[in-house]
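Okay, structure first, notes after.
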Amino acid sequence: MGEVYNFKAFQSKKEREKKKIQDPRTTVAIYRSVVYYVDLYSDETYEDALEHLTTNVKLATVFKNDRSKFLEAFAAIIQHWELPPNSHQELPGNRELAQFPTLGDLCIYIEKKVKDL
């Protein structure tokens, strides 16, 4: 005789497990690390970077359209989160700042990569 499953109970159990995986502290840690490395590799440094570098800040402005500085910061973030080292190959050549117009876009990208690990 086969077992009878309650699909609703199974579905809600899966949702509870999914919520456990998506720890809100990870999002904050990603934001803080991205702000740290963006501030570290940009020409301008702020006394309180977390206050000045919000998710709406344009990365092209912060890096003054300098791709090399952005790529240095990006590589440091990838290394910090121990993401696969070939992550930079996913970026469109010479259009990195167009793919990540704001700091928030970069945070979302890193968050997706971290969750895929």
Side-chain angles (χ1 to χ4, degrees):
M1 187 110 176
E3 291 185 37
V4 178
Y5 284 100
N6 182 345
F7 183 73
K8 292 277 187 196
F10 177 77
Q11 186 177 16
S12 54
K13 179 182 175 187
K14 283 287 192 188
E15 289 174 4
R16 283 193 307 271
E17 289 174 358
K18 190 175 181 181
K19 286 180 183 177
K20 287 180 187 176
I21 293 171
Q22 296 176 350
D23 189 352
R25 293 176 292 184
T26 304
T27 303
V28 173
I30 289 170
Y31 169 71
R32 287 178 172 264
S33 68
V34 169
V35 166
Y36 172 77
Y37 287 108
V38 165
D39 184 47
L40 184 66
Y41 287 96
S42 69
D43 288 334
E44 294 182 36
T45 53
Y46 300 101
E47 190 173 310
D48 186 10
L50 287 172
E51 195 172 297
H52 293 284
L53 294 175
T54 64
T55 54
N56 295 329
V57 168
K58 305 275 186 223
L59 289 177
T61 305
V62 172
F63 289 109
K64 298 180 182 168
N65 289 322
D66 187 350
R67 287 183 50 247
S68 62
K69 291 212 182 263
F70 170 78
L71 290 174
E72 288 175 11
F74 185 78
I77 294 166
I78 295 297
Q79 186 176 11
H80 174 85
W81 285 100
E82 298 176 355
L83 299 176
N86 62 349
S87 296
H88 69 283
Q89 293 174 346
E90 297 175 10
L91 301 178
N94 297 330
R95 294 183 30 94
E96 298 87 1
L97 292 172
Q99 182 173 350
F100 303 113
T102 65
L103 191 126
D105 294 323
L106 182 56
C107 289
I108 290 168
Y109 175 82
I110 297 299
E111 188 172 7
K112 285 179 185 175
K113 291 293 182 182
V114 167
K115 286 182 181 179
D116 288 345
L117 292 179

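Starting from 1, each residue takes its place in the sequence as its number.
- What you find for W81 and S33 is that their closest heavy atoms are NE1-OG, 2.8 Å.
- For the atom pair R32 CZ and L53 CG, the distance stands at 13.0 Å (nearest 0.5 Å).
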Pair F63, Y41 - check side chain to side chain contact (heavy atoms under 4.5 Å, CB included), show working. CA-CA 8 Å; F63 289 109; Y41 287 96; 4.2 Å; yes

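- Taken from CD1 in I110 to CG in D105, the straight-line distance is 12.0 Å, to the nearest 0.5 Å.
- A pairwise comparison of heavy atoms in T54 and L103 identifies O-CB, 3.6 Å as the closest pair.
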Given the rule in the side chain to side chain contact (heavy atoms under 4.5 Å, CB included) test, do I77 and L106 qualify, once you have shown the distances and angles that lead to the verdict? CA-CA 10 Å; I77 294 166; L106 182 56; 4.0 Å; yes

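- Counting all heavy atoms, side chain and backbone alike, L97 lies closest to D66 at CD1-N, 4.4 Å.
- The environment of CD in Q99 is crowded: more than 12 heavy-atom neighbours from other residues, nucleotides or ligands sit within 6.0 Å.
- Heavy atoms only, all atoms of each residue included: I78 and P84 are closest at CG2-O, 3.7 Å.
- Residues I108 and F70 do not share a hydrophobic cluster, defined by chaining ILVMFWY side chains whose heavy atoms lie under 4.5 Å apart.
- Note on ring orientation: taking the six-membered ring where Trp is involved, the planes of Y109 and F100 are perpendicular (angle over 60°, cut-offs 30° and 60°).
- Nearest heavy atom pair, residue I30 against residue E111, reads CD1-CA, 3.5 Å.
- For the atom pair S68 OG and E96 CD, the distance stands at 10.0 Å (nearest 0.5 Å).
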